[in-house]
Protein chains: 2
Amino acid sequence: MYRGPRRGHAWWQGRFRGCGYRLTLPRQAVLDVLSRTSKHLSAEEIYLEVRKINPGSGLSTVYRTLELLVQMGLVFKFDFGDGRARYELIRNTRDKNHHHHHLICINCNRVIDYSEFIREEEELLSKTEKELSNKYDFKIKKHIVQFYGLCGECRKELED
Amino acid sequence: MYRGPRRGHAWWQGRFRGCGYRLTLPRQAVLDVLSRTSKHLSAEEIYLEVRKINPGSGLSTVYRTLELLVQMGLVFKFDFGDGRARYELIRNTRDKNHHHHHLICINCNRVIDYSEFIREEEELLSKTEKELSNKYDFKIKKHIVQFYGLCGECRKELED
DNA sequence: ATTGAGATTGAGAATCATTATCAATAAGGA
DNA sequence: TCCTTATTGATAATGATTCTCAATCTCAAT
Ligand SMILES: [Mn+2]
Ligand SMILES: [Mn+2]
Ligand SMILES: [Zn+2]
Ligand SMILES: [Zn+2]
């Protein structure tokens, strides 16, 4: 999966330069953390990991960097309803599982990625989008589909 | 549409009594406000309207009442991504347009209800839910589908 | 190498929606 | 009426995120 930071850094370097931004150490640290995990970390969680790489980094900069990365289209920002934003690196399009949605456990906040059945889902959504755009004169830019429920472990734990 | 507060009050009275709760003036005020609008008000907005009916009501009680109503299944709580929760009375199931989803303008925060194309949407969702539940041992309780984009007015306003 | 304009940073303060606290009040059954 | 409990409003507290600002860093032009 993960093939070390070099390749990533070169890639990111280019993206940053291209936008006139600098790929600084605090920014690299955020990208490294995100690239090494498949979890959906909060800013605070990212900050804690970042400090292991670059102890000087501040929380503000982590927030600023995440905002920048989202704006650059490198990172997705999600709201899973637990009061804090969560972030996920957008991996290469070639990557299977690239495009996915989420199952969110309302008990333990676990998040499960899934990419099955997405094709039909997207198909219907884009059809719906088209019809709605038309009928309500509304230009749809993005959609959110999320399933909330109980994961296996929590179900076991909760059924007495 | 709206046939005065009497009918509603009687109905709510029953629901409250049944749960061992009291239908007090501050609570009635919240219900009245919600029943008179088709907008998706925030707690603060509801509070401002409530004070016109019952000037003594406090913001805390509005929050508490809304929480109670959501928990009783009388009100939906939504997060449209603008940093504040929004609330909507769940109207009678007989009511057309009862079950609907939302288009949210990312510029002016306008919210458009729609109930067209919901049938197919729900059909696919429930099929997906079944397959996902199965594959990931995940019991889905609810789903969120939201479209974000630009409403007609904002598009006009923004295209220079 | 030096310099200067502008980008970036970290620490801490500020914001702002929501919750928690708590003493006062209201409800309503015995 | 009396007593137990639910409910309330004012206020403080919380917690994630954003803002402020002086210090530091980059890097292209000298
Ligand atoms: Mn994911
Ligand atoms: Mn609605
Ligand atoms: Zn769980
Ligand atoms: Zn708009």
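In what follows, every chain begins at residue 1, and chains take the letters A, B, ... in the order their sequences are listed.
- Nucleotide D:dT30 forms a pair with C:dA1, judged by Watson-Crick or G-U wobble geometry with both contacts under 3.5 Å.
- A salt bridge links B:Lys52 to B:Glu49: one of the charged nitrogens lies within less than 4.0 Å of a carboxylate oxygen.
- What separates CZ of A:Arg27 from P of C:dG10 is a distance of 10 Å, to the nearest Å.
- B:Glu45 pairs in a salt bridge (Lys or Arg N to Asp or Glu O under 4.0 Å) with only one of the listed residues (B:Arg86, B:Lys39, B:Arg51), which is B:Arg86.
- Contacts classified as ring pair (Phe, Tyr, Trp, His ring centres under 6.0 Å) and involving residues 105-129 of chain B (residues at least two apart or in different chains) are not found.
- The side-chain tip of A:Lys142 points at the ring of B:Tyr148 from less than 6.0 angstrom away and within 45° of straight on.
- Between B:Ala85 and B:Lys77, the shortest heavy-atom distance links the atoms CB-CE, 3.7 Å.
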Inset, instruction - Starting at the 5' end of nucleotides 24-30 of chain C, put B wherever the base has a protein heavy atom under 4.0 Å, S where only the sugar-phosphate does, and a dash everywhere else. - result: ---BS--
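- For DNA chain D, none of the residues of residues 45-52 of chain A falls under the heavy-atom distance limit of 4.0 Å.
- Qualifying ring pair (Phe, Tyr, Trp, His ring centres under 6.0 Å) partners for B:Phe78, counting only residues two or more places apart in sequence or in other chains: B:Phe76, B:Phe80, B:His102.
- Contacts of residues 57-89 of chain A with DNA chain D (heavy atom under 4.0 Å): A:Ser60, A:Tyr63, A:Arg64, A:Gly83, A:Arg84, A:Ala85.
- Note on B:Lys127 versus A:Glu120: salt bridge recorded, some NZ/NE/NH1/NH2 to OD/OE distance being below 4.0 Å.
- Atom P of nucleotide D:dT8 and atom CG of B:Leu25 are separated by 10 Å, given to the nearest angstrom.
- Atom OH of A:Tyr21 and atom C1' of C:dG6 are 14 Å apart (whole Å).
- Side chain of B:Ser133 to main chain of B:Phe138: a donor-acceptor pair is present (N/O by atom type, distance under 3.5 Å, no hydrogens or angles).
- Formation of a donor-acceptor pair under 3.5 Å by the B:Arg15 side chain with backbone atoms of B:Leu74 is not found in this model.
- Applying the salt bridge (charged side-chain N to carboxylate O under 4.0 Å, His left out) rule to A:Glu131 yields no partners; only residues at least two apart in sequence or on another chain are considered.
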